[in-house]
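Heads up: the structure comes next, in structure tokens.
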Amino acid sequence: MSENPAPVSGPAEAGTRPGRPRFGRDFWLLWFGQGVSSVGSAASDLAYPLLVLHLGGTPFKAGLVGLVSTGSRLLLRLVAGLVVDVCSRKRVLIWCDVGRAATAGGLAAAVVTGTAGYPLILGAAFLEGAFSVFFFSAERAVLPYLVPRTRLSEAIAHNQIYLQAATIAGAPVGGFLFSLGAPVPFLVDTGSYLVSLAAVLGITTRLSGTEHKVPLATSELFQGMRWVWHDRPGRASLVYLCGINAIVAAMPLGVIVGLRTAGVAPAVIGILLACGGIGGAAGALAVPQLRTKYRDGALLIALGWLWPPMLAVLAVSSAPWAVAIVIFLLATTIAPTQSIIFGYQTAHAPDELQGRVHSAVNLLSNAVTPLAPAVVGALVSWGGFPATGAALAVCALTMMACATTSRSIRQFSNR
């Protein structure tokens, strides 16, 4: 394929002034609904293991709930992409919100009536994760119908804002709600999904183009991966993003273990990690202005070169103020990087492949993420916080040397 294939035509082609994204009512409806439901989901994510412990379960059982939830997302990601490409995308959004609300509400009712056994909790975690992966695949696939394709990166950056808000607020809100009563977080989660459902029902824009006759066949599951593999800029950007995501996944455990070993209080560590959410939101807000002034490829490289020196700071200092600055600055780069790369994939993928390409992009960009915490845990055990910071800095340096010499990254564009 060409180095940067032209974006696929779509219904939302009206231009907007660069750097000043003006999204319509239907985009903001979807954004608001997802923002509310994301905070509810983040709160219930904390409540699930707390509920297991509250009912007398072991820490191992509590951890298994998170594994089941994450596992459902991984197992069903490619299937979700195919379903989104076969079915009406608005109906997928609606039924996923109905399913998530029914799951959270059913679990709350079981807790109230005293019938919430461990198998039921595992089942609820699996279902909520499964409905969520279908929902998010459909949400990304409908974005080209809600915003101009040249503004997709800015739209995705706006979505990063509510994800960062959920990261910051989810755990405190979940802990507070659970202190009011074990079923309360799940009741609030139910309400958040109903808000999302109302928002989706209020969308009047057609969210699918010409119906595509895609067979529900195993061979169709991997069409998104094939498209990504044959698109050189998309493939290069995903390899780059995979490295960034691996380091992002490794950092929290390294910070927690390293700082606790240095005697830093858990409350202080929590505040330091919250700096990442604040930095992520700041980075998302800056995307329109950054893309007005700089080329996408230049942005990816410039932002990426912040990582090696910042991670090197961790090799020489475990002072909380230094760690806070590093976490904040690095977090500001994540939303622009992800929004540019995801925006490219969404703008260039054919409409009939949107769901499968989105699923493939998420799967491939997080291919090594599950291994990162285990690797950094071994590094901390072996050499402590300085060795971990040095190793991550070397990894980032290698990654950026490869990205800087890649013509596909340098010339990357979603304009």
Side-chain angles (χ1 to χ4, degrees), residues 1-10 12-23 140 143-144 147-161 163 227-245 247-248 279-308 329-350 354 357-358 360-362 364-365 396 399-415:
M1 297 180 67
S2 61
E3 188 69 16
N4 272 299
V8 180
S9 61
E13 290 292 346
T16 58
R17 184 177 174 183
R20 295 178 63 85
R22 295 179 181 178
F23 308 131
R140 182 63 55 81
L143 278 183
V147 300
R149 289 183 181 273
T150 54
R151 299 272 74 83
L152 281 169
S153 290
E154 283 88 341
I156 293 171
H158 274 70
N159 289 349
Q160 289 284 335
I161 295 174
L163 291 175
W227 186 90
V228 170
W229 177 256
H230 289 295
D231 179 58
R232 184 186 298 175
R235 183 174 69 234
S237 66
L238 281 186
V239 173
Y240 173 69
L241 184 58
C242 187
I244 292 286
N245 286 344
I247 296 174
V248 170
L285 290 170
V287 169
Q289 289 73 26
L290 289 173
R291 294 191 75 231
T292 299
K293 296 180 180 180
Y294 307 104
R295 293 183 297 106
D296 288 339
L299 264 179
L300 291 178
I301 292 174
L303 292 172
W305 273 111
L306 281 175
W307 286 76
L329 289 177
L330 292 183
T332 61
T333 72
I334 296 172
T337 299
Q338 290 183 342
S339 63
I340 289 171
I341 294 174
F342 289 156
Y344 171 90
Q345 307 289 353
T346 305
H348 290 77
Q354 280 287 338
V357 167
H358 169 61
V361 165
N362 275 273
L364 295 173
S365 64
M399 175 187 71
M400 289 313 305
C402 294
T404 304
T405 57
S406 168
R407 189 175 68 171
S408 294
I409 296 296
R410 293 197 310 271
Q411 298 180 354
F412 193 83
S413 177
N414 181 31
R415 307 284 176 163

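All residue numbers refer to positions in the sequence shown, counting from 1. Computation of the quantities below employed the complete heavy-atom set of this structure, encompassing side-chain atoms and omitting hydrogens, waters and symmetry-equivalent molecules.
- Val248 meets the side chain to side chain contact (heavy atoms under 4.5 Å, CB included) test with Ile244, Trp307, Ile334; sequence neighbours excluded.
- Shown here for Ser413 and Tyr344, the closest heavy-atom pair between the two residues is O-CD1, 3.4 Å.
- A side-chain contact (heavy atoms from CB on, under 4.5 Å) with Arg232 is found for exactly one of Ser237, Ser408, Ser406, namely Ser408.
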Worked check of side chain to side chain contact (heavy atoms under 4.5 Å, CB included) between Thr404 and Trp305 | CA-CA 9 Å; Thr404 304; Trp305 273 111; 2.9 Å; yes
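- Summarising the geometry, atom CG belonging to Asp296 is positioned 11.0 Å from atom CD1 belonging to Ile409; distances are rounded to the nearest 0.5 Å.
- Within the 3.5 Å criterion, the main-chain N or O of Leu300 finds a donor-acceptor partner in the side chain of Tyr240.
- Atom CG of Leu143 and atom CD1 of Ile156 lie 6.0 Å apart (nearest 0.5 Å).
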Side chain to side chain contact (heavy atoms under 4.5 Å, CB included) between Ile301 and Phe412, intermediate numbers included | CA-CA 10 Å; Ile301 292 174; Phe412 193 83; over 6 Å; no
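- To the nearest 0.5 angstrom, Gln338 atom CD is 11.5 Å from Ser153 atom OG.
- Atom NZ of residue Lys293 and atom CG of residue Leu299 lie 11.0 Å apart, to the nearest 0.5 angstrom.
- Contact annotation: the side chain of Arg291 approaches that of Arg151 to within less than 4.5 Å [non-hydrogen atoms, C-beta and beyond].
- Phe342 has its side chain out of reach of His358: every pair of non-hydrogen atoms, C-beta onward, lies at least 4.5 Å apart.
- Pairing each heavy atom of Ala335 with each of Gly283, the nearest pair is CB-C, 4.1 Å.
- Nearest heavy atom pair, residue Pro336 against residue Leu290, reads CG-CD1, 4.2 Å.
- When atom types are taken as modelled, the side chain of Arg295 and the backbone of Arg410 share a donor-acceptor pair closer than 3.5 angstrom.
- In this structure, Leu241 and Ser365 approach most closely via the heavy-atom pair CD2-CB, 3.9 Å.
- You'll find the side chain of Gln345 reaches within 4.5 Å of the side chain of Leu238, heavy atoms only.
- Side-chain atoms of Asp231 and His348, non-hydrogen and from C-beta on, never get closer than 4.5 Å to each other.
- To the nearest 0.5 Å, atoms CG (Leu364) and CG (Asn245) are separated by 11.5 Å.
- Expressed to the nearest 0.5 Å, how far CG of Leu330 lies from CG of Leu306 amounts to 7.0 Å.
- Although no hydrogens or angles enter the test, the distance criterion places a donor-acceptor pair under 3.5 Å between the side chain of Gln354 and the main chain of Ala349.
- In this structure, Pro144 and Leu152 approach most closely via the heavy-atom pair N-CD2, 4.0 Å.
- A side-chain donor-acceptor contact under 3.5 Å links Thr405 to the backbone of Cys402.
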